[in-house]
Q: 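Please read through the structure below; I'll follow up with questions.
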2 protein chains.
Amino acid sequence: MDKKQAILKSVLKLVNREGFYHLNMKNIAKEANVAAGTIYLYFKGKEDLINALYSMIVNEFNQHVLQGYEDEKPVKENFYDMLNNAIEFYLTQPDNFSFIEQYTYAPFLFKENQNDNFLLLSPIYKMMSVGKKEGVIRNIPDSILLSLIHGPMNTIIKLHLAHKTDLNKRGAKQKFFDAAWSAIAVV
Amino acid sequence: MDKKQAILKSVLKLVNREGFYHLNMKNIAKEANVAAGTIYLYFKGKEDLINALYSMIVNEFNQHVLQGYEDEKPVKENFYDMLNNAIEFYLTQPDNFSFIEQYTYAPFLFKENQNDNFLLLSPIYKMMSVGKKEGVIRNIPDSILLSLIHGPMNTIIKLHLAHKTDLNKRGAKQKFFDAAWSAIAVV
DNA sequence: TTTCTAAAAATGAACGTTCATTCATTTTTT
DNA sequence: AAAAAATGAATGAACGTTCATTTTTAGAAA
């Protein structure tokens with residue numbers, strides 16, 4: 001039994017269930033079936049623990065999003081695939097979504113990783129630059145393009161998880177993809 | 001001197017500066033130039049205080065966003081105006097943005113208002129329904145439309161405030177508006 | 001205007017609780 | 001039996017809230 005992983009899983013579960021605000025070491029230990037002191041054998045402290053979890057999730061996310069990505073494919077196809085991968089990642093692991101969101105919006109909590117926040121999106125930058133070169137994606141600043149991809153994705157996932165919409169309904173995802181593509185595509 | 005307002009302003013400033021995680025009553029009091037006990041003359045406690053601030057900002061936001069809105073105007077014009085109003089509101093008062101974001105992503109922190117989260121967007125729903133009826137806005141679920149409006153706006157503001165883009169640069173806003181409109185408009 | 005006084009507002013030290021972290025001791029592994 | 005891993009009670013700091021006391025306010029009386 002890997003206690004380090006158990007502890008990380010425990011944090012993920014608790015942050016999702018009760019938020020950062022109520023996260024405390026005793027509960028983390030209990031949920032992971034270890035003693036409170038054990039956590040300090042694997043992590044320097046609470047901050048280190050949370051930063052480690054963040055890094056882990058970002059890595060998993062990047063890896064998952066890039067599945068099936070190939071430079072040879074049309075940009076539009078890669079775009080659909082990546083968006084699909086991203087949504088699938090978060091819908092099947094909503095705890096990850098909740099954690100990343102809360103972490104991102106906690107200024108000065110764990111400054112160390114704050115520059116990595118947008119690192120989450122590195123695969124997307126690659127696709128944008130190719131698309132612009134080929135003339136299929138609008139020639140506007142990357143940051144605006146980014147907001148047109150990342151923003152809707154974030155919100156639609158949030159709405160889905162809050163049961164305000166259902167992305168699994170037939171055609172829903174496709175409609176979303178088409179609309180998102182319209183925002184960044186050359187008319 | 002209105003102490004109640006001073007306390008609310010103090011919370012806003014501190015949440016923006018150090019996040020919810022480090023927010024404590026002693027600092028709120030110090031920043032507002034009142035004694036710790038004074039806060040309890042105006043608010044039941046910490047949660048009540050934060051909920052009150054949230055409600056205040058949501059009200060101000062809704063009011064500001066609707067400025068210039070008129071049913072008679074073309075939907076596209078209302079859309080641009082509202083997006084412009086929303087961005088202006090947050091860019092001129094970034095503390096409000098940071099606060100709302102952090103509040104929204106704090107599950108189980110202050111459940112009371114959680115259903116009001118999307119209330120923030122009530123003016124937008126109105127516009128969408130008219131646009132669909134007139135055939136200028138895609139006939140897709142409101143929730144998807146919402147994600148295509150709210151999402152990019154949120155992300156672009158975040159990027160601007162993080163100095164990753166500059167919405168005040170000539171043409172930047174216009175490009176963003178055009179792209180956002182493309183996402184929701186009938187082709 | 002000045003003085004008095006009762007109510008309202010404000011104060012901040014004190015209290016009880018919670019929490020992250022430590023470390024002497026115990027358990028498990030090799 | 002020595003080393004490594006794990007434990008959890010103990011510690012002290014931090015925090016939200018309370019309330020006995022002080023300060024301010026406002027109106028009446030002189």
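Chain identifiers are assigned alphabetically (A, B, ...) following the order of the sequence lines, protein sequences preceding nucleic acid strands; residue numbering begins at 1 within each chain.
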Q: What residue among A:K3, A:K4, A:M25 forms side-chain contact (heavy atoms from CB on, under 4.5 Å) with A:I39?
A: A:M25
Q: If the cut-off is 4.0 Å, is A:Y42 near the phosphate of D:dA5, judged by side-chain N/O to OP1 or OP2?
A: no
Q: Using a 4.0 Å heavy-atom cut-off to protein, can you give one letter per nucleotide of nucleotides 15-22 of chain D, 5' to 3': B if the base is in contact, S if only the sugar-phosphate is, - if neither?
A: SSBB----
Q: Using whole Å, report how far NZ of A:K3 lies from P of C:dT27.
A: 14 Å
Q: With A:N96, which residues qualify under side chain to side chain donor-acceptor pair (under 3.5 Å), at least two apart?
A: A:Q93
Q: In whole angstrom, what separates A:I39's CD1 from D:dG8's P?
A: 13 Å
Q: Rounded to whole angstroms, how far apart are CD1 on B:I7 and C1' on C:dA10?
A: 11 Å
Q: Less than 3.5 Å apart, which donor and acceptor atoms pair up between the side chains of residues 171-181 of chain A and the rest of the protein, not counting sequence neighbours?
A:
from: A:Q174; atom 1: NE2; to: A:D178; atom 2: OD1; distance (Å): 3.2
from: A:D178; atom 1: OD1; to: A:Y80; atom 2: OH; distance (Å): 2.4

Q: A:I28 CD1 to C:dA20 P: how many Å, rounded?
A: 7 Å
Q: Does the ring-ring contact (aromatic ring centres under 6.0 Å, His included) test come out yes or no for A:F20 and A:F99, once each step is laid out?
A: CA-CA 9 Å; A:F20 268 114; A:F99 179 85; 5.6 Å; yes
Q: Specify the separation, in whole Å, of atom CZ of B:F43 and atom C1' of C:dA9.
A: 15 Å
Q: Check for me, please, whether B:Y125 and B:M82 land in the same ILVMFWY cluster - side-chain distances under 4.5 Å, paths through other members count.
A: yes
Q: Separation of A:L41 atom CG from C:dT22 atom C1', in whole Å?
A: 11 Å
Q: Answer yes or no: is there an ion pair linking B:K132 with B:D142, defined by an N-O contact shorter than 4.0 Å?
A: yes
